[in-house]
Every structure is written in structure tokens, then in C-alpha cells.
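Below: the structure, in C-alpha cells.
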Amino acid sequence: MTQPSPLFGRTAVSQTEKAYCALEEMIVTGELPPGSQWSETTLSERVGIGRSPVRDALQKLAFQRLVEIAPRQGIFISEIDYQGQLKIIQARREIERLIVAQAAQWADDAERAELARLARELEDLKAVNDMRMYMRLHFSLTSQIGAASRNSYAAEFHAMLQTLARRFLYFHQKRHPDLVQICELHIQQINAIVEGSVERAIATAEARNDYAENLARNILMELIVTSAVTISSPPRGRGGSD
């Protein structure tokens, strides 16, 4: 069976990494729909990779909350977490401050050159308005900044949150009229990192997450108004007043 073309332009080395890349792309873009049920064998055939690498890849995807593995039942593609979408951005905001600050400090010349190249691609994307291309650049940018930060722990959690936010955006791209503003926010962040400005890198991270939070709120409000989703109120904590 023909493997899907890589959406995010990743160069995978091991079979497990190839399986992970292929499956994550299928989940983010809805080729494996939310709530759908699959077997290891079917997914292995779908990506053209053996069951052992697929099994290992699924463990990582389960950690990232993209799949749920049910013994003797199969693999379930996780639903989009509308209830937690703003919490995802809230958590990403805090981690991204650390990631971009460290990247601005520790990126080497080759990493800064690669980030500058990605900024040029984002500039070109403004005129094209191609969401699939944006997804590819978004993943590449997350990987590059994570590596430049020299903090693999923070980078791993940041990448997970980015994936969840990316899937939410991809599924609701029709509510996103163009990519000009979001590309510009990324470019400003990249420029700050390339120039080694920690303060500006943090400020651009704040601006980007402010934009993402407002966009998510608008999408959620529209979905609630049209009854497409239902958001329940969080439980009151102890000592909360009525």
C-alpha cells in the first residue's frame, strides 16, 4: 500500500519514528478520524510498517493523548478536547516562555540559519494561504526551537501541546480566514530568537499565545452557540463561594 506523503516534512530514521510521523500526521489531519477504532494490524498495513514499530509509536501517541489503547479492544483515536482547549494554550504559554528564552540564548549558528530559513518560508506562505503547508512549517519550527533550547524535557511537553493545538486549528481552518497574522507572529518570534533577544522572544511568545487563545475562544463560542459542542462549568474548589 502506498504510504501517505509526509505532511510536516520530517526526516525519520528509525522504523518507529517513521510509524510515529505517519500516524501523527493522519490523526492531526483527520485521516484517522476522532473516535474511530483501529487494530494494530490495520494501522500497520495503513502505514506500510511492521507491527512492532507501530506498537512503539502508539505508546508515544498515547502519552500525547492522541490515541487511547484498550487491551483486547484496539486503538481509539482521541476526540478533540474542546473542554480543555484553553487549558492546552494556557500550559503552552508557560512552557513556551522558557523554550524561546533558552533558544535565544543557546541556539548555534546553524540553528539560527535554519530558523531564518523557516521565517522566509512563513513570509512566502502569507501569499499562498495553504493550511497544509502551515502545518508542516509549524511542526518544523516547533522541532527546531525545541532543539535550540537545549532543554529536551520542556521541548517534549511543548511539542505535545503544539500537536494538540495544531489538530484543533486544522479541524477548524474554515473559521480561520487567512494565515497572514499568525505567520507574522511566528516570524517576529523567530527573528527575536535569531537575534538572541531573550526579552523580545518572550514578548513574541506572549503575543502569539494571546492570538491563539482569542482564536480558540471565538471558535469555541461559535461551536457552543450552534450546539456543535457542549462545554460544562468546572467544579468549584473547596472553599469556593456561591
Side-chain angles (χ1 to χ4, degrees), residues 6-14 16-36 38 43 47 53-70 75-103 118 131 134-173 182 185-186 189 193 201-202 205-206 208-209 211-213 215-216 219-220:
L7 175 59
F8 306 132
R10 291 173 279 189
T11 302
V13 178
S14 70
T16 296
E17 187 179 357
K18 288 178 181 178
Y20 168 76
C21 289
L23 291 170
E24 191 208 35
E25 291 171 4
M26 290 178 178
I27 293 169
V28 167
T29 60
E31 190 174 338
L32 299 177
S36 61
W38 303 85
L43 292 176
V47 299
V54 166
R55 186 179 301 120
D56 291 340
L58 287 169
Q59 292 297 326
K60 182 174 181 179
L61 291 165
F63 170 76
Q64 294 183 328
R65 301 189 180 188
L66 290 175
V67 305
E68 297 175 11
I69 301 173
I75 293 89
F76 295 85
I77 308 304
S78 300
E79 299 284 356
I80 294 176
D81 184 7
Y82 290 100
Q83 184 79 26
Q85 193 59 40
L86 294 178
K87 293 180 181 178
I88 289 170
I89 297 173
Q90 181 183 50
R92 185 183 68 180
R93 181 190 295 275
E94 298 305 316
I95 295 176
E96 194 165 302
R97 285 170 56 89
L98 172 65
I99 290 285
V100 299
Q102 293 188 332
L118 290 173
M131 182 60 76
Y134 173 70
M135 293 288 108
R136 180 182 66 81
L137 291 174
H138 190 274
F139 180 90
S140 297
L141 182 58
T142 299
S143 299
Q144 195 65 38
I145 293 177
S149 74
R150 303 294 185 270
N151 189 330
S152 59
Y153 300 101
E156 183 175 359
F157 281 102
H158 183 242
M160 177 182 74
L161 296 168
Q162 289 280 66
T163 296
L164 295 171
R166 185 164 58 243
R167 184 162 77 136
F168 176 82
L169 176 60
Y170 192 89
F171 269 69
H172 299 287
Q173 58 184 287
I182 194 168
L185 289 167
H186 281 298
Q189 186 179 83
I193 294 171
I202 292 173
E206 285 294 314
R208 195 180 78 79
N209 281 286
Y211 175 85
E213 184 173 339
L215 176 62
I219 291 173
L220 289 169

Donor + acceptor pair across side chains of Gln162, Arg92 (<3.5 Å):
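The criterion, which ignores hydrogens and geometry beyond distance, is satisfied for Arg92 and Gln162.
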Looking just at side-chain N and O atoms, do Gln64 and Thr163 make a donor-acceptor pair shorter than 3.5 Å?
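Thr163 and Gln64 do not have a side-chain donor-acceptor pair below 3.5 Å.
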Please find the pair of heavy atoms, one from [X] and one from [Y], that lie closest to each other, and give the distance.
X      : Y      : value
Ala201 : Val100 : O-CG2, 3.5 Å
Ala155 : Ser149 : CB-OG, 4.5 Å
Ile80  : Phe171 : CD1-CG, 3.5 Å
Ala147 : Arg150 : O-NH1, 2.7 Å
Gln85  : Ala165 : NE2-CA, 3.8 Å
Ala212 : Ile89  : O-CD1, 3.5 Å

Only one of Gln189, Arg93, Glu96 clears side-chain contact (heavy atoms from CB on, under 4.5 Å) with Glu206; which?
Arg93
Check this for me: does any side-chain nitrogen of one of Glu24 and Arg166 sit under 4.0 Å from a carboxylate oxygen of the other?
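Answer for the salt bridge query: yes.
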If you measure from [atom1] on [X] to [atom2] on [Y], what distance do you get to the nearest 0.5 Å?
X      : Y      : atom1 : atom2 : answer
Leu220 : Gln83  : CG    : CD    : 9.5 Å
Ile88  : Leu164 : CD1   : CG    : 4.5 Å
Leu58  : Glu68  : CG    : CD    : 12.5 Å

Using a 3.5 Å distance criterion without hydrogens, assess whether the side chain of Ser140 forms a donor-acceptor pair with backbone atoms of Arg136.
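Side chain of Ser140 to backbone of Arg136: a pair is present.
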Please check if the side chain of Arg65 supplies one atom and the backbone of Ala62 the other of a donor-acceptor pair under 3.5 Å.
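Answer holds: no.
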Non-hydrogen side-chain atoms of [X] and [Y] separated by less than 4.5 Å:
X     : Y      : result
Leu66 : Met160 : no
Thr16 : Lys60  : no
Trp38 : Val67  : no

Using the ring pair (Phe, Tyr, Trp, His ring centres under 6.0 Å) criterion, which residues pair with His158? Sequence neighbours excluded.
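Partners of His158 under the ring pair (Phe, Tyr, Trp, His ring centres under 6.0 Å) test: none.
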Above 12 or not: heavy atoms from other molecules or residues under 6.0 Å from CZ of Phe76?
yes
Within the 6.0 Å centroid threshold, strictly below: His138 and Tyr170:
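No, they do not, as the ring centres are separated by 6.0 Å or more.
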Ring-plane angle category for His186 and Tyr134, please: parallel below 30°, perpendicular beyond 60°, tilted otherwise.
tilted
